[in-house]
Structure formats: C-alpha cells, structure tokens
Amino acid sequence: PKRAPAADPPPGTPAPRALGRMAAGQNNEETAVPSGSAPRYRGLFPVVPTTFDDSGALDLASQRRCVDFMIDAGSEGLAILANFSEQFLLADDEREVLTRTVLEHVAGRVPVIVTTTHASTKVCAERSRRAQAAGAAMVMVMPPYHGATFRVPEEKIVEFYARLSDAIGIPIMIQDAPASGTVLSAPLLARMAREIEHVAYFKIETAGAANKLRELIRLGGEAIEGRWDLDAYREGRREEAIERYTRWLPLINIENRQCGFLAAKALMKEGGIIACGAPRHPWPALHPEARRMLLEAARRLDVMALRWGR
C-alpha cells in the first residue's frame, strides 16, 4: 500500500486554483469520472521562460521582472526549467543559478515547481534534493530517456520514480511528454500513484489526453490529486468558462501552432518586461510574420504583458 502522503506545504504558502499550461490535461465537457483526492496544489502554474541577453548569457534582472509579472498577473504558482523554459539549452550550473534566483526572488509568494528531469536516477534525485532544499514545492520529472532511441523497461521506470520519492519529501509530478518517447499507460501511472509515496500529480501531454486522464483517475482513485479544472468550470459556471476559453482561443492557437515557447518572450519583450526575446542559439528566432500575428491578437485582447512593464 502507498505510504503516508508528504507533509503539507510550508505555512504561508498560498493554495492555488487552476492550472493552465501546467494542467494535467484539459477537459471541456461534463464527466462522471471521480475527481480524485483534494489536491495540495491547484491553480494556474504557467511555465516561466528563461531570459537571455543578446549574447545568449542568462539575464537575471529580466528573469526577476518576468517572475514578478507572472505573479502580478494572477498566477497561483510557477514552473521553472521546463521544456518551454528551454531547459535543454541550459548547462547544469545555469540550472542551479536559475533555481536559486527564482526561488529566492519568489520568496514564498507562490509555490514553485522545479523540473529536475534526468536519465540517471542518481542525478535526478540529487537535483530534486537541491530543489527541495532551495524551497521548491514540487518537482516535475519525465521518465528516464536519452535521445530518440535510449529507453528503459517499465519496471525500471517504476524503480526510478520510487527511488526519487525515497530521496525527497515533496510531491512528484510525472510529466508524460512526447519528447521522452516513452509510453506511460494509464494503468502504469495509476500503479505508481498508488504505490509510490510522493507520486500524486500528472502532466499529460500526449494525444488523447482527456480520455487518458479519465482512465487514470478511474484507476488511481484517491491516489490522484486533482483534477485541476479552471475556476469557473469547477464551480459550475460552464457558459462563462466556455466564453473565456473561446475569447482567448485565437491567441492560444497562434502560440501553439506558430510561436511555441517564444510567444511568451515576444509578448514580454514588447511590453518592456524583459530586455531580449531571443532564444539561445542554435534555436531559430521567431519568424517576423508569426510575431506580427501574435502581437496583433494580443493587442486585440489587451493582454497584461503588453502594458505591465510600461
């Protein structure tokens, strides 16, 4: 049986409400699937972009302003060092600098999820322990993999997360991302939620996420913390939730289909929040036409990012 759950967040840590990009999938229709146990964390946890200067060096002053903006904009929590943070372009020492810088600057205003993914159980556990010691509320971890072809058997995946759980005392969010090339079935995820102490949250990014979440919640029951629906939807204001989603959908579509992780940087640069919106080489810069369309859609919505830093 699963051991006792991890301790509650430190006193003064706000309880967030809805999860956005960090959500364990999205669900836009009524469902009879049970919602799992009450989550310690729920809410809008956007991924924090990593800010560079024109030379490609870390820009920590912009990083701090970025964090302040995201909290002022209503984020109930933040996630750092994710794929949308360009974590794959960072050196190990830079990860430590960013973790320390963000957690010290947030200073408990909101909980912070730190991505600590690594193919090595030992390295991942060490990263996760350092993140916890620095004040992380949760770690997010993909299954062990390397490149396009290096994978481990299912039982080794279970061992990986079990040993990680033994190494820390905060929740683990399993990131089920296509980038890992690893199939994590709903029965496997539910098994780990039931058997591994700190495994309680899931970020499902694969195709058919809604159906996978329904099955995961059905199989995992109270071992699954969530779901993390938007406030209006969770509180029964279905039409309001649909209206809000419909209003923002054009901007979401441009981000997803044309800009990717550079969308947030482009908006923050335009609004004076960060000094440079460029990715780190060799990632290509945002196409000028995609940027034009993004800003046009954002201005139509009067997004906060375009006026917060002015």
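For the numbers below, each heavy atom of this structure counts, side chains included, while hydrogens, waters and symmetry mates do not. Because the structure is predicted, anything quoted here is derived from the model rather than measured.
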**Q.** Carboxylate-amine/guanidinium proximity below 4.0 Å for Glu215 and Arg218
**A.** yes

Q.
By the definition salt bridge (charged side-chain N to carboxylate O under 4.0 Å, His left out), identify the one residue from Lys265, Arg95, Arg280 that meets it with Glu86.
A. Lys265

**Q.** Met138 side chain near Pro111 side chain, heavy-atom distance below 4.5 Å
**A.** no

Q: Check for a donor-acceptor pair, side chain of Arg307 on one end and backbone N or O of Asp302 on the other, with a separation under 3.5 Å.
A: yes

(Q) Closer than 3.5 angstrom, by distance alone: can the side chain of Ser165 be matched with the main-chain N or O of His198 as a donor-acceptor pair? (A) yes

Q) Less than 4.0 Å between a side-chain N and a carboxylate O, is that true for Glu155 and Arg191? A) yes

Q.
Between Glu255 (side chain only) and Ala263 (backbone N and O only), is there a donor and an acceptor less than 3.5 Å apart?
A. no

(Q) side-chain contact (heavy atoms from CB on, under 4.5 Å) for Met304 and Phe69? Distances and angles first, verdict last. (A) CA-CA 9 Å; Met304 186 176 176; Phe69 159 70; 3.9 Å; yes

**Q.** Arg109 and Asp68 ion-paired at < 4.0 Å
**A.** yes

Q. Where the side chain of Glu94 meets the backbone of Ala91, is there a donor-acceptor pair that is under 3.5 Å apart?
A. yes

Q. Does any N or O in the side chain of Ser85 come within less than 3.5 Å of the main-chain N or O of Val48, such that one atom is a donor and the other an acceptor?
A. yes

Q. Which residues pass the ring-ring contact (aromatic ring centres under 6.0 Å, His included) test with His146, sequence neighbours left out?
A. Phe150

Q) Hey, are Glu243 and Arg247 close enough for a salt bridge, meaning a charged N less than 4.0 Å from a carboxylate O? A) no

Q: Report the C-alpha separation of Val139 and Ile113 in whole Å, then their side-chain angles, then the decisive distance to 0.1 Å, and conclude whether the side-chain contact (heavy atoms from CB on, under 4.5 Å) test is met.
A: CA-CA 5 Å; Val139 293; Ile113 299 172; 6.0 Å; no

(Q) If you apply the rule side-chain contact (heavy atoms from CB on, under 4.5 Å), what do you find for Leu98 with Leu81, and how did you get there? (A) CA-CA 8 Å; Leu98 287 165; Leu81 301 180; 4.0 Å; yes

Q) Tyr145 and Val158: same hydrophobic cluster, using ILVMFWY side-chain contacts below 4.5 Å? A) no

Q: For residues 248-292, pull every pair meeting ring pair (Phe, Tyr, Trp, His ring centres under 6.0 Å), keeping only residues two or more places apart or in separate chains.
A: Phe88-Trp283, Phe261-Trp283

**Q.** Electrostatic pair Lys156:Glu154 at N-O distance under 4.0 angstrom
**A.** no

Q: Treating Ile, Leu, Val, Met, Phe, Trp and Tyr as nodes and any side-chain heavy-atom pair under 4.5 angstrom as an edge, say whether Leu294 and Leu249 lie in one connected cluster.
A: yes

**Q.** Leu251 vs Arg300 side-chain heavy atoms within contact, under 4.5 Å
**A.** no

Q: Using atom types as modelled and distance alone, determine if a side-chain donor or acceptor of Thr101 lies under 3.5 Å from a backbone N or O of Val97.
A: yes

Q) Is the closest side-chain heavy-atom distance between Asp176 and Lys212 below 4.5 Å? A) yes

Q. Do the non-hydrogen side-chain atoms of Leu189 and Phe202 ever get within less than 4.5 Å of each other?
A. yes

(Q) I'd like to know if the side chain of Ser180 and the backbone of Ala177 have a donor-acceptor N/O pair within less than 3.5 Å. (A) yes

(Q) Treating Tyr201 as the side-chain partner and Tyr41 as the backbone partner, does any N or O pair qualify as donor plus acceptor under 3.5 Å? (A) yes

Q.
Does any part of the side chain of Arg127, heavy atoms only, come nearer than 4.5 Å to the side chain of Lys122, both counted from C-beta?
A. no

Q: Given side-chain contact (heavy atoms from CB on, under 4.5 Å), test Lys203 with Glu205 step by step and report yes or no.
A: CA-CA 6 Å; Lys203 183 173 187 283; Glu205 303 177 28; 2.5 Å; yes

Q: Salt-bridge test for Glu96 and Arg100: reply yes if a basic N is under 4.0 Å from a carboxylate O, no otherwise.
A: no

Q) Do Leu78 and Phe45 have side chains that get closer than 4.5 Å, going by heavy atoms? A) no

**Q.** Thr51 side chain to Gln63 backbone, donor-acceptor under 3.5 Å
**A.** yes

Q) Taking C-beta and beyond as the side chain, do Ser120 and Pro144 meet within less than 4.5 Å on heavy atoms? A) no

Q: State whether the side chain of Glu270 and the backbone N or O of Leu295 hold a donor-acceptor pair below 3.5 Å, judged by distance alone.
A: no

